[in-house]
Structure formats: C-alpha cells, structure tokens
2 protein chains.
Amino acid sequence: MTDRPLRRQPLYSQIKQQLLRRIGDGEWQENDALPSEWDLADELGASQGTVRKALSELVADGLLYRAQGRGTFVAPAPSEWGEGLLLTPGLFNEQPDDLAREFLGISRGNASDDMAAALQLRRAAPLLRVRQLWRWHGIPVAVDEAFLPADEFEGLDARWLRGSSGVYQALQQRFGIRLKVLCEQFRALMLPREESALLGVTGMVAEAPALSLIRISGSMEGVPLEWRQRYCLTHNWAYTARRA
Amino acid sequence: MTDRPLRRQPLYSQIKQQLLRRIGDGEWQENDALPSEWDLADELGASQGTVRKALSELVADGLLYRAQGRGTFVAPAPSEWGEGLLLTPGLFNEQPDDLAREFLGISRGNASDDMAAALQLRRAAPLLRVRQLWRWHGIPVAVDEAFLPADEFEGLDARWLRGSSGVYQALQQRFGIRLKVLCEQFRALMLPREESALLGVTGMVAEAPALSLIRISGSMEGVPLEWRQRYCLTHNWAYTARRA
DNA sequence: AAGTGGTCTAGACCACTAG
DNA sequence: TAGTGGTCTAGACCACTTT
C-alpha cells in the first residue's frame, strides 16, 4: 500500500474491521468460503501475511474457521444457549446433548440501574425483554431472560423470535448483528417463585437451589448490547466452560 | 494416506516448547526480561518473526507479557484464587477485593471415579488433598479442596503449603511446574454439612445455596494435574469470568 | 542514540484437499 | 495438478522507552 498518509490503526486491524463489516452486511453467508488469502491481499493491496493476521484474529473471535487446503469460511452463528454446556457433573469429555428452546414471549420494560450501567444506557432506559425456556429431553432445565436496548432493536417482535432459533439468530437475520460474549457472572441462589413455576419445581419443598448466570454480550467491537439472565437447575447437570 | 509419516512440529512450536522448559527450569525468574526477539532468533537460528510467533503464544497463555520498547518478561504465577473474580452481583467493571487465604491442611486419599477419569489416573489412585479457606474482609466466603496425583507430587507437605501463598505457588517453587486452567464446571447446590461449619453458616436455617465450582488444571501442555472443588457463598457476591 | 517490541512486504516452500 | 492454508525468511521501517 503506497498512499497511506495516516495510520491510526495497523493495517491488519483495518482489514479485520472491513471484513467484519462485509460479513455483517451478508456479503458471505454462513459456511461460505471467503476469497483466498492471496486474492484478498491483491484486492486490498496488502501482503498475504498481513491479510492472514487479520483472518487469524477473526478465527480467534469465532467468526471464521479455516480448513487447510480448502479455504476460509464464515462460521455459523453461535448457538442460542451460549458457550457453556450442560453436562453430567464431574464428566468433562462428554458430548453435550441438544437442548430444545421454547419461546415464551417478548415484552417491554425499563432498565434496572445494574442493567443501565452494564449496557451503557441512561437510567430506566427502555428495554426489550425476551423470555425463553430450555428443555433437556423434555424436562425444563433453565429459563432465560434477554434484555436488549429497545432503541437499537426497534422492530424486533414475536414473529422474528418465534420463527428463528433464538435471539442471536433473530438479531443476525433482522439487523445483521452478531453478538459475542463479553463477560459472565455466576451465583447460587434459591429459585424465585415465578421461575419455580416455569421450571416445574413443586411439591412440599418448594425451593430449589439454582445457578444464576448473568451474561453481557455485545458487538464484535465490544459495545454491550444484551443483558441475559438465566436460571439453571443443576442438581442433575453442571454448567461447563471449556478453555483453550 | 496408508502411510502416515511423522509430521514435524513447526519451528515456532518447537521454540515455544523450549522456552516453556527454560522458564520452568528457572532460567528467568518472574518479571525478568527475556533476551530480545533478535537475540533469541540469533541464538536459536530462526528469524525474528518465527521467534515472535512463539513468544506471542506464550503471551496468550499468560506465561509472558510484553512492554513495547522495553522487552518481554516472565509473568508472575497466576493467583491462587484462579481466574474468576468475586464481585458484587450485577457490577462488572469493579476491581476485585483481595481475598485472604487460609491453609487448613493436607491429607492423603484416593481418587473417585470422576477424578480418576479427569486426571487420567487408575481407579482409586492415591491423591494429595489440600484444603483452604477464603476470607473476604475477614468473612469466610469459600472453601477449597485441591486434589493432586500423589505420585507426581511426592514430597509436597504442609511446610511448603503453609509458607507459600497457595497450591500453585508451592508447585512452582517445589516442582517448577506451572498450571493453567483446562476447564471448569459450575453447579448450584445446598452447602454440605462440613462446609457449612467451615463457612460459619449456622442458625435456624442451617442450609444455604452455594456455588460449586469444579476445575481441572494441568500443565501448559494440557496434561491434567489438579482437580479442584470449591464451594462459594454467593448471596453477597458473584463469581465473574471476563473474556477477551 | 540505542535498544526493544510491532508491523509489513515479497518471496519461497511445505502440507493438504479436490477435481 | 492446481488451489488453498501454514510456515519461514530477510530485510525494512515505525513506535516507544531508556540512557
């Protein structure tokens, strides 16, 4: 690249941003192959090594995957359940069972102070609230609330959510936005009344300990866009996080 | 295809392994500077770019850190508490308070089937069991059990653990081994009797929900070496995992 | 000014996949 | 055999820190 008077950001970083935008714009669909590293280098006026560095970061971010000898591909959107897996406690190498998701409803509300702070919104900002139920072999194991800034996602309604396989897929289809997990918090607490009913915890012992998960997700650039709160019953399962 | 020739490890990978070993052998202490990328390249007969790639992976693994214009340094051992932080629920950008660790004791036992499987040991293999208590501003918030293969760590005793700031530091000082987290599991359950006593949960309501964390740690090469089980009281705190 | 990490290039070769 | 990702080199220059 000959004319590049101002370099605020390294070239590979600019290329990464550009590819991020083009993926978001739908230039390549899930599992589509990108142009080869050499073709991209040609097109962008950079060297193969520099393009490769940009691609490597996108692979690390989970947006792309590579197959030696075949090409570089757009990764499928992350599953609605998230990165954690439900496994039998103590076992780590098991394959996770598939979870079924049930859309419960969408409503409007206002941000709590915690939510407003985490999502960088003003106090009591309007939010969309999406509720989902998770079943494992038919048995309810978790309830989910996703809170999204209403201003950003005006037009997201039950039609989009019922038809899609979850909030993340709906956001990608409707707004072309892909979320990634920014941080997570875990707590143990007694299941609140309303969630107990949804999860079918009944009987003389009306209380059960539940794993509370709060997750902030955001754009690939790190702008927070979702506060998700989940209650998991874990007397028969454990929530697993794998690491590289 | 039928014939599977030995695939040579990439050079940067060999360099990484060698540096790993030299760090483990104590050639450079914590916060010591390594030779510059160019000097290492010279010494190892590789190019600066290749050395840089090896160093970058070690930085990503948390073993080294870099400072532009100054050098590449050996990172301090990870804290005994681990990567997760205890924070006020709902707040994500807070700095964590320091936790005080109390060594409770070390004993010998045998691996459960789960532990044996996770640590790749034979059934009922002998284990060392290290127990610790965590206090936050003097208040007990968590109890910890670390299980280590007795055969690997013969000679680790109370003297080493009392004097050090934790299991990880003791392993590094005594055996020159650095552990990294391989995977984690979370569950919510009612605090068992023994742990209730240690954490001072008493009164008419003898039961409290607790966050159960099971973590497998291992060598930098991925060999599992520690099963750690922790019970956290989280009615006033949350367990936070940050992501890149 | 000297030394370090950080970026970028052009070219080369290897390993793997597919037609 | 052609195309792709994966590795490696030598050299250049930039950005930052220390002396």
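This one's a predicted model, so the numbers in the text were calculated from it and none came from an experiment. Labels below follow one simple rule: chain letters A, B, ... track the order of the sequence lines, proteins then strands, and each chain is numbered from 1.
- Separating the CH2 atom of B:Trp38 from the P atom of D:dC8 is a distance of 16 Å, rounded to the nearest angstrom.
- One interatomic measurement links the two molecules: CG of B:Leu34 to P of C:dG5, which rounds to 9 Å at whole-angstrom precision.
- Picking from C:dC8, C:dC16, C:dA12 the nucleotide with the shortest atom distance to the side chain of A:Leu11 gives C:dC8.
- Between A:Leu40 atom CG and C:dT9 atom P there is a gap of 13 Å when expressed in whole angstrom units.
- Considering only side-chain atoms of B:Ser47, the nucleotide from D:dT4, C:dC16, D:dT9 that sits closest is D:dT9.
- The side chain of B:Lys53 places no N or O atom within less than 4.0 Å of a non-bridging phosphate oxygen (OP1 or OP2) of D:dC8.
- Distances shown here put every side-chain N or O of B:Thr50 at or beyond 4.0 Å from the OP1 or OP2 atom of D:dT7.
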message: Determine whether A:Arg228 and A:Glu145 satisfy the following criterion, salt bridge (Lys or Arg N to Asp or Glu O under 4.0 Å), listing intermediate values before the conclusion.
response: CA-CA 6 Å; A:Arg228 181 166 299 214; A:Glu145 285 181 325; over 6 Å; no
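- A:Arg230 contributes a side-chain N or O that, together with a main-chain N or O of A:Trp81, makes up a donor-acceptor pair within less than 3.5 Å.
- Within the 4.0 Å cut-off from OP1 or OP2 of D:dG5, at least one side-chain nitrogen or oxygen of A:Thr72 is found.
- In this structure, the separation between CD on B:Gln172 and OH on B:Tyr168 is 12.5 Å, given to the nearest 0.5 Å.
- Atom CG in B:Leu44 sits about 16 Å away from atom C1' in D:dT7, given to the nearest Å.
- Note: CG (A:Leu55) to C1' (C:dC8) measures 16 Å, nearest angstrom.
- With a cut-off of 3.5 Å on both pairing distances, C:dG19 has no Watson-Crick or G-U wobble partner at all.
- Counting to the nearest Å, the C1' atom of D:dT7 and the CD atom of B:Glu57 are 12 Å from each other.
- Residue B:Arg66 places no side-chain N or O under 4.0 Å from the OP1 or OP2 atom of C:dT4.
- When heavy atoms are screened at a 4.0 angstrom cut-off, A:Ala67 is found touching the sugar-phosphate backbone but no base atom.
- Checked by atom type and distance alone, the side chain of B:Gln120 never pairs as donor or acceptor with a backbone atom of B:Ala117 at under 3.5 Å.
- Within 4.0 Å (heavy atoms only), B:Gly49 reaches no atom of the nucleic acid at all.
- Phosphate contact (OP1/OP2 of C:dC8, side-chain N/O of A:Tyr12, threshold under 4.0 Å): absent.
- When heavy atoms are screened at a 4.0 angstrom cut-off, B:Ala33 is found touching no nucleic acid atom at all.
- Regarding B:Gln68, its CD atom lies at a distance of 5 Å from the C1' atom of D:dC16, rounded to whole Å.
- Using a 4.0 Å cut-off, some side-chain N or O of B:Arg52 falls inside it from OP1 or OP2 of C:dG6.
- In this structure, the CZ atom of B:Arg70 is 12 Å from the P atom of C:dG6, given to the nearest Å.
- Between B:Lys16 and B:Asp61 there is a salt bridge, since at least one side-chain N of the basic residue sits less than 4.0 Å from a carboxylate O of the acidic one.
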